*Asks:* 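So that we are looking at the same thing, I have put the structure below in structure tokens.
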2 protein chains.
Amino acid sequence: MSERRADLLHDKIEDLILTGDLAPGDRLDEVSLATRFGVSRTPIREALMQLAATGLIELRPRRGAVVAEVGPKRMVEMFEVMAELEAICARLAARRATPADEERIGAHHRACAAAAAASDEDAYYYENEEFHEAIDAAAHQEFLSEQTRALRRRLKPYRRLQLRSRGRVRNSFDEHEAVVRAILAHDADAAAEAMRAHIVVQGERFTDLLASLEAPRAARAR
Amino acid sequence: MSERRADLLHDKIEDLILTGDLAPGDRLDEVSLATRFGVSRTPIREALMQLAATGLIELRPRRGAVVAEVGPKRMVEMFEVMAELEAICARLAARRATPADEERIGAHHRACAAAAAASDEDAYYYENEEFHEAIDAAAHQEFLSEQTRALRRRLKPYRRLQLRSRGRVRNSFDEHEAVVRAILAHDADAAAEAMRAHIVVQGERFTDLLASLEAPRAARAR
DNA sequence: GTCAACGAAATTGTATACAAGGATTTGTCT
DNA sequence: AGACAAATCCTTGTATACAATTTCGTTGAC
């Protein structure tokens with residue numbers, strides 16, 4: 001779980017994509033990136049391959065790398081898998097959470113409450129992450145946590161944009177409430193179901209998602 | 001899903017590990033690998049990074065790569081996640097399988113039957129893979145299929161060794177039978193449960209797994 | 001005899017040079 | 001004028017050279 005700090009190049013390029021500086025479909029020229037970051041092509045190539053492994057970019061042999069195009073279909077699929085993974089985490093957490101785990105979950109839940117009350121979306125966004133990670137940890141399943149965190153990281157930018165939609169923070173918090181109650185009651189099925197409902201993309205959330213898919217490229221000069 | 005064929009170096013090194021030629025904990029020296037495969041260090045490094053991304057090896061900054069040590073705890077966790085992923089596939093397959101999907105699943109199931117009847121473990125191993133992939137495909141969830149295939153690939157060597165244990169092929173086939181019936185009956189819950197039971201490590205299967213963890217390194221000269 | 005410190009060798013990380021394969025542009029022919 | 005073909009340029013893939021860090025061995029002192 002160390003995610004070696006040394007590899008800041010990986011994160012820098014990732015940021016370029018996550019912030020929308022590089023839009024889906026854009027080519028990632030090795031020499032441009034190399035000159036931009038003041039290094040040679042070698043470390044750039046290594047960073048690109050790592051990013052390709054996570055699915056953020058696509059490597060076409062002899063034809064360079066492009067930012068992965070994520071269509072609505074695939075995006076919904078990713079959220080669907082995410083919902084299942086987090087539901088399993090919640091189920092296990094309901095069964096295996098220690099008092100210390102429960103305390104941590106509760107603390108982050110209260111922090112979410114504060115952020116929601118203050119309508120501080122950025123704070124809520126941050127505490128929301130912590131809340132979900134606390135539940136991951138309470139599941140006491142290292143491998144599952146790693147997979148979940150990896151996918152959560154992959155979906156990060158879309159989640160952030162989703163929270164911007166009207167009333168989403170309030171709804172999100174209410175859903176958290178249901179999850180917390182189920183976990184504290186050690187009701188595994190209820191916890192899983194509440195978490196799945198919290199993550200899954202359905203109804204009006206789908207249109208929010210579509211908007212978030214268009215937003216980054218609309219924000220760019222074309 | 002192309003898994004570019006050009007990258008045979010990746011597969012070659014992977015084979016070295018999967019066949020037990022390189023045991024968990026062994027260091028992967030870049031120059032040794034380079035001379036062994038008759039290439040320079042550059043492509044070796046790239047292959048190593050890809051392998052690190054899949055979790056097969058571990059990259060310690062400035063200290064080289066080692067074959068990932070997979071303890072019993074982590075192994076059980078991986079099978080646990082695998083069971084959940086495959087269960088979701090089965091659930092979706094029960095709901096969304098087309099007649100063509102059902103035919104494919106049936107065909108591979110019958111091929112498994114033939115292999116089991118002939119006590120041909122290698123043939124069963126192969127057809128078992130095909131059977132599971134057919135169910136993946138029937139789920140019609142591309143992203144889920146990718147994740148499932150990736151993890152299945154990661155667990156491949158352990159599965160193979162598991163099948164070697166006595167009576168496992170017969171049991172495996174009976175479990176397949178239950179999965180197929182549930183899918184054909186479009187009973188999503190039953191399909192998920194049957195699949196989960198098929199994959200999950202429990203009871204005597206756990207001891208088989210422990211044996212499979214020791215087998216590769218015992219086979220080596222130490 | 002053991003431990004520590006210094007040094008040398010080996011190994012990883014980075015840069016640069018070279019080779020090979022696409023993509024683009026230009027020129028010619030219809 | 002449009003389309004096809006060929007040649008050039010640009011980009012990726014690979015090799016090699018160099019720098020930096022770690023590790024192992026040796027030597028010395030306690």
Side-chain angles (χ1 to χ4, degrees), chain A residues 1-17 21-69 217 220-222, chain B residues 1-17 21-69 217 220-222:
Chain A
M1 270 302 74
S2 55
E3 280 292 326
R4 55 196 165 303
R5 280 287 148 258
D7 210 342
L8 31 92
L9 215 39
H10 174 287
D11 297 339
K12 279 184 183 172
I13 298 176
E14 193 176 55
D15 276 355
L16 249 51
I17 298 169
D21 203 347
L22 262 53
D26 282 3
R27 279 193 71 238
L28 291 156
D29 186 49
E30 295 179 0
V31 295
S32 309
L33 292 170
T35 53
R36 188 206 276 241
F37 293 116
V39 295
S40 86
R41 276 177 53 218
T42 311
I44 295 289
R45 281 179 66 83
E46 302 200 338
L48 289 182
M49 299 201 20
Q50 287 178 263
L51 290 169
T54 70
L56 198 63
I57 70 175
E58 210 171 325
L59 245 49
R60 301 164 309 173
R62 285 278 176 200
R63 300 188 53 200
V66 295
V67 180
E69 306 252 20
R217 59 187 93 187
R220 289 168 49 83
R222 314 206 66 177
Chain B
M1 265 304 72
S2 55
E3 280 292 328
R4 56 195 163 302
R5 283 283 149 262
D7 210 343
L8 29 92
L9 216 39
H10 175 284
D11 297 339
K12 280 184 183 173
I13 298 176
E14 193 175 57
D15 277 354
L16 249 51
I17 298 168
D21 204 348
L22 263 53
D26 281 3
R27 278 193 73 237
L28 291 156
D29 186 47
E30 294 178 3
V31 295
S32 308
L33 291 170
T35 54
R36 188 206 277 241
F37 293 116
V39 295
S40 87
R41 277 177 53 216
T42 312
I44 295 289
R45 280 179 67 83
E46 303 199 338
L48 289 182
M49 297 200 23
Q50 287 178 264
L51 290 169
T54 70
L56 198 63
I57 69 175
E58 209 171 325
L59 245 49
R60 301 162 310 174
R62 287 278 176 196
R63 299 187 53 199
V66 295
V67 179
E69 306 251 21
R217 59 186 95 187
R220 289 169 47 85
R222 312 207 70 173

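Being a predicted model, the structure only gives us computed values, none of them experimental. Naming: A, B, ... by sequence-line order, numbering from 1 per chain.
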*Asks:* Of all nucleotides in DNA chain C that come within under 4.0 Å of a heavy atom of chain B, which is furthest toward the 5' end and which toward the 3' end?
*Replies:* C:dT11 to C:dT14
*Asks:* The criterion is side chain to side chain contact (heavy atoms under 4.5 Å, CB included); which residues satisfy it with A:R60, sequence neighbours excluded?
*Replies:* A:R27, A:R63, A:V66
*Asks:* Is the shortest side-chain heavy-atom distance between A:E46 and B:E46 below 4.5 Å?
*Replies:* no
*Asks:* Residues two or more places apart in sequence or in another chain: which of them pass side chain to side chain donor-acceptor pair (under 3.5 Å) with B:D29?
*Replies:* B:S32
*Asks:* Closest approach of B:A68 and B:G55, non-hydrogen atoms and distance?
*Replies:* CB-O, 3.5 Å
*Asks:* Which atom pair, heavy atoms only, marks the closest approach of B:V67 to B:A23?
*Replies:* CB-O, 3.4 Å
*Asks:* Report the residues that fulfil side chain to side chain donor-acceptor pair (under 3.5 Å) with A:E30, sequence neighbours left out, ordered by chain and then residue number.
*Replies:* A:R41, A:R45
*Asks:* Of all the heavy-atom pairs spanning B:L48 and B:L33, show the shortest one and how long it is.
*Replies:* CD2-CD1, 4.2 Å
*Asks:* Which of residues 34-48 of chain B sit near DNA chain C, with a heavy atom under 4.0 Å from it?
*Replies:* B:R41, B:R45
*Asks:* Using side chain to side chain contact (heavy atoms under 4.5 Å, CB included) as the criterion, list what pairs up with A:S40, not counting sequence neighbours.
*Replies:* A:T42, A:P43
*Asks:* All N/O contacts under 3.5 Å from nucleotides 5-11 of chain D to the protein, with atom names and distances to one decimal?
*Replies:*
from	atom 1	to	atom 2	distance (Å)
D:dT11	O3'	A:R27	NH2	3.2

*Asks:* If we only count heavy atoms from C-beta on, is the A:F37 to A:L16 side-chain gap below 4.5 Å?
*Replies:* yes
*Asks:* Please list, chain by chain and in numerical order, all residues satisfying side chain to side chain contact (heavy atoms under 4.5 Å, CB included) with B:E14, sequence neighbours excluded.
*Replies:* B:H10, B:D11, B:L18, B:L51, B:L56, B:R153
